[in-house]
Amino acid sequence: AARPLPIGDGPVLRPGNSDTRLPAIRARLKLTASTSQLYDELTVDAIKAFQEGQGLEVDGIIGPATVAALNGGAATRREDIIANMERWRWMPSDLGDFTVFVNIPEFRLSILRNGQEEYTTRVVVGTTKNQTPVFSDSIRHVVVNPYWNVPSSIIRGEIAPAILRNPGYADSNNMDLLYNGAPVSPWQVDWTQVSPTNFPFRVRQRPGAGNALGQIKFLFPNKHDVYLHDTPSKSLFSRSYRAFSHGCVRLNDPFEFAYALLSAQEDDPVGFFQSRLSTGREQRVDLVTPVPVHLDYRTAFTDAEGGLQFRRDVYGRDAAIWAALAHEGVAISRPAS
């Protein structure tokens, strides 16, 4: 079949605007063959669904990125698909009947029951510098109202310099300084004897809505020290690109995720969770049956309808896989052009 003519460049289209490209856009979305040049509500809804499927910002605005995606975007190479097929070979043969799956380039977490998606939420993952690792484990504990024990790298790079500039930084950010496990007042420290590289204190942030981990975290003890958690920085979830963390996975809707996990062992998971949240104190809840969790990296995958989905290779990993496969002699035949 002949390829449809590309949708041309033009001004950014917002709901209610008119443009000569609208009939072609509707045809590309397989809507009614209307010749109207008005960007109407039906077309806005179809564009939003298209943006969601493409991993774009779901705003209903037809800008350059949405036009490029409507035109097919960058042609996906067969190498990309084969690289993702290779990733499937690395997965455990049994993912579990009830399992949590995080796809890093999709910025999304899902709960799968017998292979069917039962719950999903947007996530924020690690930056290109602090990449979220790929591995499988099991969620064993839920911690409500968690303390945040600040990693030493963040203490050296961010917290210590801030406290050295202003000792009041600790209290204003709800943080404790710990020396040999005991809290000390920052106003009792001789800061002339301390530097970011000679900082003898551990730092923890007390529970509360402003805590960097939010109000809940989900633990699967692992060598990477990575876990799932809430966050007070909700604005990041509205962005289409969501690689902003130090490596852990932040959940947009962590309470609903907690209810889903706890439903396997509690008759009233919402009441059970909320009663512990309302105390304001850190409390650990053990899962009677640990839940498998898979942190994976798929830039090409099929959706529930069997359609092929592609996402940006945020960590630039596809080329390395393909180079390794090519080194092993994997060949791709191409049709004559």
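Sequence positions, counted from 1, serve as the residue numbers for this chain. Small disclaimer: the values here were computed from a predicted structure and weren't measured.
Put simply, the side chain of R206 gets close to the backbone of M175: a donor and an acceptor are under 3.5 Å apart. Within the 3.5 Å criterion, the main-chain N or O of L109 finds no donor-acceptor partner in the side chain of T121. A donor-acceptor contact shorter than 3.5 Å is absent between the side chain of Q283 and the backbone of N145. Checked by atom type and distance alone, the side chain of S185 pairs as donor or acceptor with a backbone atom of W187 at under 3.5 Å. The backbone N or O of G60 lies less than 3.5 Å from a partner atom in the side chain of Q51, making a donor-acceptor pair. The backbone N or O of V288 sits less than 3.5 Å from a side-chain atom of Q265, completing a donor-acceptor pair. The backbone N or O of R14 sits less than 3.5 Å from a side-chain atom of N17, completing a donor-acceptor pair. Not one N or O on the side chain of D176 forms a donor-acceptor pair closer than 3.5 Å with the backbone of P183. The closest donor-acceptor contact from the side chain of S110 to the backbone of T120 lies at 3.5 Å or more, if one exists at all. Checked by atom type and distance alone, the side chain of D296 never pairs as donor or acceptor with a backbone atom of H294 at under 3.5 Å.
Between I82 and E86 the shortest side-chain heavy-atom distance does not fall below 4.5 Å. Side-chain contact between L295 and V134 is absent, with no heavy atoms from C-beta onward closer than 4.5 Å. Within the 4.5 Å cutoff, no side-chain heavy atoms of F107 are placed close to those of L236. By the 4.5 Å heavy-atom criterion applied to side chains, M85 and W88 are not counted as neighbours. When side chains are defined from C-beta on, T66 does not count as touching I61, because their heavy atoms never get closer than 4.5 Å. At least one side-chain heavy atom of R311 sits less than 4.5 Å from a side-chain heavy atom of F301.
Surrounding CG of D267 are at most 12 heavy atoms belonging to other residues, nucleotides or ligands under 6.0 Å away. The environment of D286 atom CG is dense: over 12 non-hydrogen atoms of other residues, nucleotides or ligands sit within 6.0 angstrom. No more than 12 heavy-atom neighbours from other residues, nucleotides or ligands sit within 6.0 angstrom of OH on Y179. Few gaps surround CE on M91; more than 12 heavy atoms of other groups in view lie less than 6.0 Å from it. Crowding of E41 atom CD: a count of heavy atoms from other residues, nucleotides or ligands under 6.0 Å not exceeding 12. Summarising the local packing, CG of N149 is surrounded by more than 12 heavy atoms from other residues, nucleotides or ligands at distances under 6.0 Å. Atom CZ of R108 is surrounded by more than 12 heavy atoms from other residues, nucleotides or ligands within 6.0 Å.
No side-chain donor-acceptor contact under 3.5 Å links S245 and N130. No hydrogens or angles considered: a donor-acceptor pair under 3.5 Å links the side chains of R28 and N71.
A distance of 8.5 Å separates CD1 of I104 from CD of Q131, quoted to the nearest 0.5 Å.
Across all their heavy atoms, G96 and D94 have their closest contact at N-OD1, 3.0 Å. Here the closest heavy-atom approach between residue R122 and residue F237 is recorded as NH1-O, 2.7 Å. The shortest heavy-atom contact between E282 and P207 is N-CG, 4.5 Å.
Salt bridge D137/K223: absent, no basic N to carboxylate O contact under 4.0 Å.
Using cut-offs of 30° and 60° for the angle between ring planes, the F199 and F201 rings count as perpendicular. Note: F257 and F218 have perpendicular aromatic rings, judged against thresholds of 30 and 60 degrees for the angle between ring planes.
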Which donor-acceptor pairs under 3.5 Å do the side chains of residues 155-170 make with protein atoms, sequence neighbours left out?
{"from": "E158", "atom 1": "OE2", "to": "H246", "atom 2": "NE2", "distance (Å)": "3.2"}
{"from": "N166", "atom 1": "OD1", "to": "G168", "atom 2": "N", "distance (Å)": "3.0"}

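Every side-chain hydrogen bond (donor to acceptor under 3.5 Å, both in side chains) that E118 has, sequence neighbours left out, goes to R113. When the salt bridge (Lys or Arg N to Asp or Glu O under 4.0 Å) test is applied to K48, no partner is found at least two apart in sequence or on another chain.
For the pair R204 and Y147, the cation-pi test (distance below 6.0 Å, angle within 45°) is passed. At least one cation-pi condition fails for R242 and F244: the charged atom is not both under 6.0 angstrom from the six-membered ring centre and inside a 45 degree cone around its axis.
Applying the side chain to side chain donor-acceptor pair (under 3.5 Å) test between Y297 and each of T132, N103, D313, D318 identifies D313 as the sole match.
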